[in-house]
Amino acid sequence: MKHALFDALQAARAGKRPVALITELESGKQVLLDGDGVSGDLNLKESELALAKRALDGDRSGPLEETGLFVHVFNPPLRLMVVGAVHIAQFLVPMAALAGYEAVVIDPRQAWATGARFPDVSLVTEWPDDALRALKPDRRTAVAVLTHDPKLDDPALCAALASPVFYIGALGSRRTHAKRLARLREAGVGEADLARIHAPIGLAVGAKSPAEISISILAQMTQELHGAPPLIKAGAAK
Amino acid sequence: MTTKPDDVLEQAGRWRGQGRKVALATVVSTWGSSPRPVGSQLAVEESGKMAGSVSGGCIEGAVVMEAQQTMESGAVKLLEFGVTDEMAWEVGLACGGTVRVFVERLD
């Protein structure tokens with residue numbers, strides 16, 4: 001890869017712009033697709049450019065059929081917005097970072113959302129619905145609502161439901177969630193939206209500790225992200 | 001929180017910045033089961049240091065050797081690994097899949 005092209009790729013990644021690097025595998029010639037701009041020593045046909053753009057939009061790296069070209073999509077990191085600067089969040093945030101998420105913690109209660117409890121974590125102390133709207137969650141974003149407090153959780157869920165996020169999870173027992181659903185219905189939230197909320201949050205792996213609960217939440221996020229059915233152990237399905 | 005274990009390209013850039021020769025290996029296609037998806041990358045530095053991965057560890061050794069040639073010659077390579085590979089016993093994929101790996105020098 002040419003020096004200048006590598007620098008352009010890294011600049012785009014640092015600027016969190018979605019870009020695609022297209023390589024002619026035979027020659028090694030390359031072009032970087034960054035918004036409407038292209039740079040590099042590879043000239044693409046219109047049809048190839050259109051296919052590459054489609055791959056970028058669909059977040060799918062791979063060979064372009066019968067062209068000898070490879071499209072490598074570089075998307076900005078996935079995002080996780082955690083509502084509630086609670087004990088579980090202290091485990092969930094670093095684990096999510098390892099899994100490639102850029103996490104932000106939202107909690108207007110400043111006794112919770114402190115730098116001492118969340119070193120090097122991006123903290124937002126506005127009300128959850130305002131905070132979420134300002135952060136513009138998209139379809140590469142997950143939202144985990146963990147406060148247990150309806151006056152914080154409910155506005156957070158409503159704001160999350162108004163966005164195309166790929167995952168919404170809410171902490172709380174089945175009973176807590178039944179009451180939550182009743183409140184949200186009362187507030188006019190439709191059934192299709194309510195069904196988007198994963199609650200009790202996380203896959204059922206018997207999680208007890210904050211770390212284990214974080215694992216179950218991340219596992220469920222991963223499942224939703226890739227649209228995979230729940231794993232069934234070999235031999236267990238009869 | 002910025003505890004990413006390795007941003008492969010960042011590491012590659014750091015090596016290049018230190019004046020080392022660097023090559024990049026990228027998984028460009030897979031068939032059957034394969035441990036790392038398309039787009040996975042391995043950066044290799046001239047002494048054989050690695051960042052990232054292109055498999056579960058089965059083919060990295062062979063890729064590093066090819067990468068060291070590429071960082072000298074500048075010639076790109078398209079490698080294919082699978083169980084039918086003639087070196088299967090040495091560097092084949094135990095999972096039974098096939099992967100193609102593109103190797104290029106970082107100028």
Side-chain angles (χ1 to χ4, degrees), chain A residues 1-14 19-30 41 55 59-65 68-75 77 80 82 89-105 118-123 226, chain B residues 1-31 33-34 36-45 51-54 66-67 69-71 73-80 98-107:
Chain A
M1 192 186 307
K2 295 277 189 293
H3 198 133
L5 197 66
F6 180 79
D7 290 345
L9 170 61
Q10 291 298 79
R13 292 178 70 223
V19 293
L21 178 70
I22 300 112
T23 303
E24 187 174 65
L25 295 174
E26 173 107 29
S27 66
K29 285 185 180 172
Q30 290 171 318
D41 57 2
D59 195 9
R60 278 191 70 84
S61 295
L64 287 188
E65 291 299 327
L69 300 174
F70 171 67
V71 182
H72 196 171
V73 173
F74 293 89
N75 256 310
L80 169 63
V82 179
Q90 290 176 289
F91 289 81
L92 178 57
V93 167
M95 286 185 188
L98 283 172
Y101 289 84
E102 212 171 65
V104 53
V105 175
F118 292 91
D120 302 321
V121 176
S122 168
L123 296 170
H226 298 302
Chain B
M1 189 55 89
T2 52
T3 45
K4 279 264 196 106
D6 50 39
D7 185 304
V8 177
L9 293 180
E10 243 172 62
Q11 180 61 60
R14 272 197 296 276
W15 283 330
R16 187 190 67 175
Q18 293 160 1
R20 314 281 179 75
K21 293 182 184 126
V22 185
L24 282 174
T26 306
V27 176
V28 295
S29 55
T30 65
W31 291 271
S33 52
S34 65
R36 299 283 288 124
V38 167
S40 302
Q41 291 190 301
L42 173 76
V44 183
E45 176 259 15
S53 67
V54 287
E66 301 282 351
Q69 289 173 14
T70 288
M71 66 181 79
S73 69
V76 299
K77 295 182 181 199
L78 191 54
L79 312 173
E80 187 166 325
T98 304
V99 297
R100 282 200 307 161
V101 177
F102 177 72
V103 183
E104 64 189 315
R105 180 167 75 182
L106 187 54
D107 290 340

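Every chain is numbered from 1, with letters handed out A, B, ... down the list of sequences. Atom set for the values below is all heavy atoms of this structure, side chains included, hydrogens, waters and symmetry mates excluded. Note that the coordinates shown come from a computational prediction; the quantities given were computed from them, not determined experimentally.
- Between the NZ atom in B:K77 and the CG atom in A:L25 there is a gap of 15.0 Å [rounded to 0.5 Å].
- At least one side-chain heavy atom of B:E10 sits under 4.5 Å from a side-chain heavy atom of A:Q10.
- The candidate with the highest count of non-hydrogen atom pairs below 4.5 Å against chain B, out of A:V71, A:L9, A:D7, is A:D7.
- Within the 4.5 angstrom heavy-atom criterion, only side-chain atoms of A:H72, from C-beta onward, approach chain B.
- Of the listed residues (A:A14, A:A4, A:P63), the one with the most heavy-atom contacts under 4.5 Å to chain B is A:P63.
- In this structure, A:E26 CD and B:F102 CZ are separated by 10.5 Å, a value rounded to the nearest 0.5 Å.
- For a residue to count as touching a neighbouring chain, one of its non-hydrogen atoms must lie under 4.5 Å from one of that chain's; by this rule A:T23 touches chain B with the side chain only.
- Contact annotation for B:L24: only side-chain heavy atoms (C-beta onward) come within less than 4.5 Å of a heavy atom of chain A.
- Proximity to chain A (any heavy atom under 4.5 Å) is shown, for B:V38, by both the backbone and the side chain.
- Rounded to the nearest 0.5 Å, atoms CG (B:D107) and NZ (A:K2) are 5.5 Å apart.
- Side-chain contact check for A:Q30 and B:E104: at least one donor-acceptor pair (N or O, by modelled atom type) lies under 3.5 Å.
- The residue among B:L106, B:V28, B:L78 with the most heavy atom pairs within less than 4.5 Å of chain A is B:V28.
- For B:T30, no part lies under 4.5 angstrom from a heavy atom of chain A.
- Nearest heavy-atom pair, A:F74 versus B:L9, reported as atom, atom and distance to 0.1 Å: CE2-CD1, 3.6 Å.
- Heavy atoms of B:V27 lying under 4.5 Å from chain A belong exclusively to its backbone.
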